[in-house]
Amino acid sequence: MAIRKIVELGDETLRKVCKKQEKFDSRLHQLLDDMAATMYDAQGVGLAAPQVGILRRVVVIDVSEERDELFELINPVIVETSGSQCGREGCLSLPGRQAVVTRPDRVVVQAQDRNGEWYELETEGFFARAVCHELDHLDGKLYIDVMDRELTVAEIQGHIPEDDAE
Ligand code: NI
């Protein structure tokens, strides 16, 4: 496993639409292992392949506190959403910044695992938020495109009223 470099805002890789992952081979497994290592190293809750310069529809997410519930989503598709939540969101490609973003409260996503097997995942709350955020990356979208408002430095460090709504 290797830590890969995370590209930041301004790099055009982040604005490209990613291609479908066709091969479920050792190269994909290496990418997934590296993406997880990179996400954990950066203390993130999710990472999309374009963030490490790879234009493929591949995402890793772990929203658990213990950092031991890794989900690998290849060619993911959101098939159902409901409700709405308003809360803070950041991105490893936009270090030091946060915004208030409205997302669905519940998201059902279908994806392939590292061996190409399709599975379905029902997510709620912060997990659902992470799914929406990471899948947006695969289409060149960032949270700044859909945010309600950007937080100030003081708000990032403290409490914001929107947190109460979650
Ligand atoms: Ni992000």
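Every number for a ligand or one of its atoms is a count from 1 in the order of the listing. Sequential numbering from 1 along the given sequence is applied to the chain's residues. Note: hydrogens, waters and symmetry copies are ignored here, and every other heavy atom, side chains too, is used. For clarity, every value in this text was computed on a predicted model and none was experimentally measured.
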Any Lys/Arg nitrogen of Glu72 or Arg114 sitting under 4.0 Å from an Asp/Glu carboxylate oxygen of the other?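 Salt bridge: yes.
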Ion pair check, Arg149 and Glu155, cut-off under 4.0 Å: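 So Arg149 pairs with Glu155 through a salt bridge.
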Could you report the tightest heavy-atom contact between Gly53 and Thr13, atom names first, then the distance?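 In terms of heavy atoms, the two residues are closest at CA-CG2, 3.8 Å.
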Same apolar cluster (I L V M F W Y, side chains within < 4.5 Å links), Leu151/Leu92: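 Leu151 does not cluster with Leu92.
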With clusters built from Ile, Leu, Val, Met, Phe, Trp and Tyr whose side-chain heavy atoms come within less than 4.5 Å, directly or transitively, what are the remaining members of the cluster of Met1, listed by chain and number?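 Same cluster as Met1: nobody, lone residue.
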Leu73 pairs by side chain to side chain contact (heavy atoms under 4.5 Å, CB included) with which of Val109, Val60, Asp113, Leu138?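 Of the listed residues Val109, Val60, Asp113, Leu138, the side chain to side chain contact (heavy atoms under 4.5 Å, CB included) partner of Leu73 is Val109.
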May I ask you to list the protein N, O or S atoms found at less than 2.8 Å from the Ni ion (ligand 1)?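 Listed by chain and number, the nearby protein N, O or S atoms are Cys91 SG, His133 NE2, His137 NE2.
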